[in-house]
2 protein chains.
Amino acid sequence: MAQKKLGPGDRISEAEHAVMEALWEENPLAAAEVCERVCTANDWSIATVKTLLSRLVAKGALGTEPDGRKFLYRPLVERDEYVGGESRRLVDRLFGGRAAPLFAHLAENEALTDDDLEEIEALLREMRK
Amino acid sequence: MAQKKLGPGDRISEAEHAVMEALWEENPLAAAEVCERVCTANDWSIATVKTLLSRLVAKGALGTEPDGRKFLYRPLVERDEYVGGESRRLVDRLFGGRAAPLFAHLAENEALTDDDLEEIEALLREMRK
DNA sequence: ACACATCGACTACGTCTGTAAACATTAAGC
DNA sequence: GCTTAATGTTTACAGACGTAGTCGATGTGT
């Protein structure tokens with residue numbers, strides 16, 4: 001088999017996600033370059049990053065292209081896709097699929113800044129067309 | 001030590017969460033009663049439920065009171081507390097702590113029903129006092 | 001040519017999770 | 001009293017995850 005498309009079983013773990021973020025921000029990158037942007041923040045060794053990269057490739061979340069003796073990695077899944085999936089999973093699991101209760105929750109716990117409120121209002125206005 | 005308060009390291013896993021949901025909806029319940037409400041839906045055996053209950057007790061998420069030869073389990077963490085924590089974690093991880101982008105995302109993918117929109121508008125109105 | 005630095009591949013290993021069986025105790029029915 | 005059914009406790013085990021070391025190949029500087 002050549003390319004295993006990311007099955008729904010192939011979830012991206014939390015540590016892997018940090019690697020994905022780096023690559024979503026800039027790509028393609030070599031392993032060492034990825035390490036430069038995530039190793040210190042997470043207190044990881046280069047070896048750890050290599051493992052995470054391999055697992056992400058195995059899961060079909062990353063693709064590689066050879067560049068001399070090294071590999072360049074680039075995301076195969078869009079950040080939007082991932083973020084959307086995770087968001088929906090949470091809303092499904094905790095709020096029965098309804099987004100309003102999530103919103104209410106965030107609002108209650110003042111997890112919403114004034115900027116957020118304004119932005120959301122704007123979105124609503126635009127949505128109402 | 002008698003009561004270990006749920007440390008932040010003691011996360012509730014997905015399977016465990018299903019058990020918690022049952023107990024949040026009705027409590028206290030015995031293991032067999034919990035199984036009645038979650039075993040068929042998840043295709044679990046009673047043994048699995050017992051394990052999950054034990055682990056939740058160990059994590060400090062559930063408390064027990066003896067009832068004859070059996071135990072009754074009841075939540076020690078509020079559903080709101082859990083839900084709030086998980087929501088914030090997601091927002092932090094995926095949206096840099098800002099809720100507006102999450103909202104935008106849900107909106108884009110029409111994960112928002114008309115009811116949701118109305119409800120959110122109402123919330124906004126009320127919040128603006 | 002040769003030592004050295006790099007890089008990906010393979011291996012390792014402890015913890016957590018999902019899933020469950022085996023075991024011990026004990027209340028209850030006969 | 002003794003068998004049986006129910007219940008919590010212990011043990012099990014495979015797969016995922018976090019974290020990293022070792023190994024073999026290969027390019028690099030001198």
Side-chain angles (χ1 to χ4, degrees), chain A residues 4 6-23 28-74 82 86 89 93, chain B residues 4 6-23 28-74 82 86 89 93:
Chain A
K4 185 162 73 175
L6 63 163
D10 291 332
R11 302 272 310 282
I12 292 173
S13 84
E14 209 160 316
E16 286 161 5
H17 172 240
V19 168
M20 291 301 290
E21 285 294 343
L23 282 159
L29 291 179
E33 291 167 321
V34 173
C35 186
E36 271 166 35
R37 352 218 139 186
V38 303
C39 276
T40 49
N42 296 85
D43 197 36
W44 286 338
S45 89
I46 175 73
T48 299
V49 172
K50 284 186 196 172
T51 300
L52 294 174
L53 286 170
S54 298
R55 289 181 181 166
L56 284 167
V57 171
K59 289 181 184 180
L62 290 181
T64 60
E65 63 189 75
D67 172 51
R69 66 199 150 292
K70 77 183 95 167
F71 274 161
L72 296 185
Y73 298 86
R74 82 169 67 241
Y82 172 74
E86 290 297 303
R89 290 174 49 76
R93 229 161 48 85
Chain B
K4 186 163 74 179
L6 63 163
D10 292 330
R11 300 271 312 282
I12 292 174
S13 83
E14 210 161 315
E16 288 161 2
H17 171 240
V19 167
M20 290 302 289
E21 284 293 343
L23 282 160
L29 291 179
E33 291 169 319
V34 173
C35 185
E36 270 167 35
R37 352 218 137 185
V38 303
C39 277
T40 49
N42 295 85
D43 198 37
W44 286 339
S45 89
I46 175 74
T48 300
V49 172
K50 286 187 196 171
T51 301
L52 295 174
L53 285 171
S54 299
R55 287 181 183 168
L56 285 167
V57 171
K59 288 182 185 177
L62 290 181
T64 59
E65 63 189 76
D67 172 51
R69 67 206 148 291
K70 79 182 97 165
F71 274 160
L72 296 184
Y73 298 85
R74 84 168 67 242
Y82 172 74
E86 289 298 303
R89 292 173 51 76
R93 225 162 50 86

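Heavy-atom basis, side chains included; hydrogens, waters and symmetry copies ignored.
- Here C:dT19 is the nucleotide among C:dT19, C:dC7, D:dG8 with the atom lying nearest to any side-chain atom of B:W44.
- In terms of heavy atoms, B:L23 sits closest to B:Y73 at CD2-O, 3.4 Å.
- In this structure, the nucleotide among C:dA9, C:dT19, D:dT19 sitting nearest to the side chain of B:T51 is C:dT19.
- Put simply, OG1 on B:T48 and CG on B:D43 are 9.5 Å apart, with the number rounded to the nearest 0.5 Å.
- In this structure, the nucleotide among D:dT28, C:dA9, D:dG18 sitting nearest to the side chain of A:R69 is D:dT28.
- Considering every non-hydrogen atom in both A:K50 and A:A31, the closest pair reads CG-CB, 4.4 Å.
- We find that NE2 of B:H17 is positioned 14 Å from P of C:dT17, with the value rounded to whole Å.
- Phosphate contact (OP1/OP2 of C:dC10, side-chain N/O of A:S54, threshold under 4.0 Å): absent.
- What separates CD1 of B:I12 from P of C:dC16 is a distance of 15 Å, to the nearest Å.
- Each of D:dT7, C:dT17, C:dA21 was ranked by its minimum atom distance to the side chain of B:A47; first place goes to C:dA21.
- More than 12 heavy atoms of other residues, nucleotides or ligands shown are found within 6.0 angstrom of CG on A:D67.
- For DNA chain D, no neighbouring residue in residues 33-43 of chain B is found when judged by any heavy atom under 4.0 Å.
- You'll find that the side chain of A:A31 is closest to C:dG8, out of C:dG8, D:dA20, C:dT19.
- For the OP1/OP2 pair of D:dG18 and a distance below 4.0 Å, the side-chain nitrogens and oxygens of A:S13 include at least one atom meeting the criterion.
- In terms of position along DNA chain D, the nucleotide closest to B:A32 lies nearer the 5' end than the nucleotide closest to the other residue of the pair B:A32 and B:R55.
- Contact detail for A:A18 and A:V38: the closest heavy-atom pair is O-CG1, 3.9 Å.
- Proximity of A:W44 to A:V19: side-chain heavy atoms (C-beta onward) are separated by under 4.5 Å at one or more points.
- Contact check, A:K50 against D:dG18: no side-chain N or O comes under 4.0 Å of OP1 or OP2.
- Atom pair B:L52:CG and C:dG18:P shows a separation of 7 Å (rounding to whole Å applied).
- Between B:T48 and the phosphate of C:dG18, there is no side-chain N or O to OP1/OP2 separation shorter than 4.0 Å.
- Considering only heavy atoms from C-beta on, B:H17 stays 4.5 Å or farther from B:R11 through its side chain.
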